[in-house]
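Below: the structure, in structure tokens.
What you see is a predicted model, and the numbers here were worked out from it, not measured in a lab.
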Amino acid sequence: MRPKEAYDRTLELLQRHHEWFRSAIPLIASENVTSPAVREALICDFQHRYAEGWPGERVYAGCVYIDQVEIIAMDLARELFEAEHANVQPVSGLTANLAAFTALTDPGDTMMCLSVASGGHISMAKKKFGGTAGAVHGLEIEYLPLDEKRMNIDVDAAAKKISEVKPKLVTFGGSLFLFPHPVKELSKVAKDCGAHVMYDAAHVAGLIAGGQFQDPLREGAEVMTCSTHKTLPGPQHGMILCTKELAESINKAVFPGIVSNHHLHSVAALAIALAEMLEFGKEYTAQIVRNAKALGKAMYDQGLSVLCPELGFTESHIVVVDVTKYGDGGTLEKKLEDANIILNRNLLPWDPREGRHYKNPGGIRLGTSEVTRLGMKESEMKQIAEFIRRIVIDNEDPKKVAAEVAEFRKEFQKVHYCFESATEAYEYIKIR
Ligand SMILES: *Cc1c(COP(=O)(O)O)cnc(C)c1O
């Protein structure tokens, strides 16, 4: 392609992506859509600047306004999570984790957490899987045992194993995360063995902020790491909340340890997202959880094997379906995508035992953060469950369903739970 052709083609692809998302049902549990104000902040001049160091002690000039914005973001983060200290510099959840590992452990130490198949994240994984904790920071990993029926950490077995292993760090949280983890029950055991306790709230930070999940910093976690773009509807960025005792080591691990440029436009966008969460977060996240439970029940009523029916399917934004009766997660993910229903395949905890791997796992994972943000409620969850049944069980033509999905989506184009919403959620903004 010639330069101008590539230039035009790229811009055209962006617009087509926006068009597609206007008419699709976005159910990826790790995603969300930001408010117009957050998007405005993301294209401001901060994205051209550097501000290494701490507000007021920068290595660069030109930070007069950047400093004030970063202080607002830190203040709001502390208020929203009732935390003693906030660091808003990690550029993602993964880098927030790496900073926390760096502050709390040395290479060669042992960390206990969930395996990826049991809901852990690749950033917590072993060296042999290329995980950040193992391959980058050199931690040895021992797994917290999972009660597969309850899709949660097995408290008694975990307490026993923590006492035997005596790890340096116990990390709670994960990516396949239906129910609050037993932080309160296990923190004391961990600390009695000399371990630090950390909680990876990448997925559930928004739910925690809205008071709809657990409250790790009150339950024994000393450090909570977050992505700021999953249930917390901010920019793609990261954040760390911690006790004041750990503030200095966390700050040093982040800078100069993990970031040089900390993406100042994202810090500004985060400040706005945090302000909107303080104002609307409770209402928004309560609806996310109601929608997740409703979606779980509706899919179950349609005949799908939704996990944990006896526990109400979920207490978070996530619902998981075992699709092995109808094929595999990979094939169904693609078919659903052809029907404008966007979700992801997911390993089920017992998949490795049964010979399935991440390309063709036994599950699909759905999240309700983004559809809730678009104004959908319980009755729309029933509609979505029907669309999914028609693809997964009835094997209908995806193209036919896609057209109906696009029609269904027409009414839900604005972002809710924010101060101002003049621009549509997926409006393409042209400033050339
Ligand atoms: C998404 C996720 C991360 C990584 O977050 P990024 O912001 O994508 O880097 C870390 N931990 C868990 C549990 C996650 O789900």
Side-chain angles (χ1 to χ4, degrees), residues 25-35 37-38 73 76-83 86 93 172-181 183 199-219 221 224-239 241 269-297 311-320 365-381 384 412 414-419 421 425:
I25 300 174
L27 292 166
I28 305 253
S30 55
E31 294 180 356
N32 211 322
V33 64
T34 54
S35 69
V38 168
L76 293 174
R78 280 201 310 273
E79 184 182 347
L80 190 58
F81 293 96
E82 294 174 48
F172 295 98
S175 309
L176 191 70
F177 200 178
L178 303 178
F179 303 104
H181 280 169
V183 180
Y199 185 100
D200 179 342
H203 263 271
V204 294
L207 304 183
I208 291 168
Q212 305 299 320
F213 203 58
Q214 60 189 143
D215 191 1
L217 295 173
R218 250 56 58 194
E219 294 166 15
M224 184 165 91
T225 57
C226 310
S227 296
T228 59
H229 47 266
K230 296 184 182 179
T231 53
L232 192 74
Q236 292 192 332
H237 198 72
M239 174 168 64
L241 293 320
L270 176 60
I272 288 170
L274 293 170
E276 290 181 335
M277 278 303 276
L278 276 161
E279 188 78 12
F280 307 103
K282 189 166 192 296
E283 192 195 345
Y284 168 48
T285 55
Q287 190 62 48
I288 291 179
V289 176
R290 282 200 296 272
N291 281 352
K293 287 172 178 289
L295 182 60
K297 175 155 193 326
L311 296 171
F313 309 104
T314 185
E315 294 288 333
S316 74
H317 59 303
I318 299 177
V319 183
V320 182
R365 183 185 71 165
L366 304 83
T368 55
S369 319
E370 190 164 347
V371 290
T372 304
R373 196 112 166 104
L374 295 170
M376 294 190 197
K377 300 255 162 74
E378 289 89 331
S379 56
E380 282 77 35
M381 298 305 113
I384 293 174
F412 303 97
K414 284 281 173 79
V415 177
H416 293 242
Y417 311 101
C418 55
F419 287 113
S421 203

- Minimal non-hydrogen separation, Val415 against Ser35, with atom names: CG1-CA, 4.1 Å

- Message: Tell me whether Thr34 contacts the main-chain N or O of Pro235 through its side chain, where contact means a donor paired with an acceptor under 3.5 Å.
- Response: no

- Check whether any side-chain heavy atom of Pro26 lies under 4.5 Å from a side-chain heavy atom of Leu374, and answer yes or no. yes

- Task: To the nearest 0.5 angstrom, please state how far the CG atom of Leu217 sits from the CD1 atom of Ile208.
- Result: 8.0 Å

- Query: Once you round to the nearest 0.5 Å, how far does CG of Leu311 lie from CZ of Phe179?
  - Reply: 4.5 Å

- Item | Between OG1 on residue Thr228 and CE on residue Met277, distance to nearest 0.5 Å | 11.5 Å

- Could you check Gln212 against Ile288 for side chain to side chain contact (heavy atoms under 4.5 Å, CB included), going step by step and ending with a plain yes or no? CA-CA 9 Å; Gln212 305 299 320; Ile288 291 179; over 6 Å; no

- Looking only at heavy atoms, the pair that brings Ala29 and Lys230 closest together is O-CB, 4.5 Å

- Before giving the answer on side chain to side chain contact (heavy atoms under 4.5 Å, CB included), spell out for Glu378 and Gln287 the whole-Å C-alpha distance, their side-chain angles and the decisive distance to 0.1 Å. CA-CA 9 Å; Glu378 289 89 331; Gln287 190 62 48; 3.1 Å; yes

- Message: Working to the nearest 0.5 angstrom, can you tell me the gap between His203 NE2 and Ser227 OG?
- Response: 7.5 Å

- Message: Ignoring hydrogens, what is the shortest heavy-atom contact between Arg365 and Leu176? Give both atom names and the distance.
- Response: CD-CD1, 3.9 Å

- Message: Keeping Glu31 on the side-chain end and Glu370 on the backbone end, is there a donor-acceptor pair under 3.5 Å?
- Response: no

- Note on the structure: In short, Pro216 meets Val183 closest at the heavy-atom pair O-CG1, 4.4 Å

- Message: Could you check whether any side-chain N or O of Thr314 sits under 3.5 Å from a backbone N or O of Val319, counting only pairs where one atom can act as donor and the other as acceptor?
- Response: no

- Between Phe419 and Phe280, what is the ring plane arrangement, given parallel below 30°, perpendicular above 60°, and tilted in between? perpendicular

- Task: Take His317 and Val204, measure what side chain to side chain contact (heavy atoms under 4.5 Å, CB included) needs, and give me the verdict at the end.
- Result: CA-CA 8 Å; His317 59 303; Val204 294; 4.1 Å; yes

- Taking atom NZ of Lys297 as the centre, does the number of heavy atoms from other residues, nucleotides or ligands within less than 6.0 Å exceed 12? no

- Message: Between Glu219 and Tyr199, do the side chains contain a donor N or O and an acceptor N or O under 3.5 Å apart?
- Response: no

- Message: Does any part of the side chain of Met376, heavy atoms only, come nearer than 4.5 Å to the side chain of Thr368, both counted from C-beta?
- Response: no

- Any chance NZ of Lys282 has more than 12 other-residue heavy atoms, nucleotides or ligands included, within less than 6.0 Å? no

- Message: Nearest 0.5 angstrom please: His229 NE2 to Ser30 OG, how far?
- Response: 7.0 Å

- Message: Give me the atom names and distance for the closest heavy-atom approach of Pro233 to Asn32.
- Response: CB-ND2, 3.7 Å

- Query: Of the non-hydrogen atoms in Ala425 and Val33, which two are nearest, and what is the gap between them?
  - Reply: O-CG2, 3.8 Å

- Would you mind reporting whether His416 and Ser421 have side-chain heavy atoms less than 4.5 Å apart? no

- Message: If I take atom CE from residue Met224 and atom CG from residue Asp215, how far apart are they, to the nearest 0.5 angstrom?
- Response: 7.5 Å

- Task: Report yes or no: does Ser316 contribute a side-chain atom to a donor-acceptor pair with the main-chain N or O of Phe177 at less than 3.5 Å?
- Result: yes

- Would you call Met239 and Leu270 a side-chain contact if the rule is heavy atoms closer than 4.5 Å? yes

- Honestly, is Arg373 close enough over Tyr417, meaning NZ or CZ under 6.0 Å from the six-membered ring centre and within 45° of the axis? no

- Flag side-chain contact, heavy atom, 4.5 Å: Glu276 against Tyr284: no

- Do Ile384 and Leu27 have side-chain heavy atoms sitting under 4.5 Å apart? yes

- Item | Residues Thr285, Thr231; criterion side chain to side chain contact (heavy atoms under 4.5 Å, CB included); working and verdict | CA-CA 8 Å; Thr285 55; Thr231 53; 5.6 Å; no

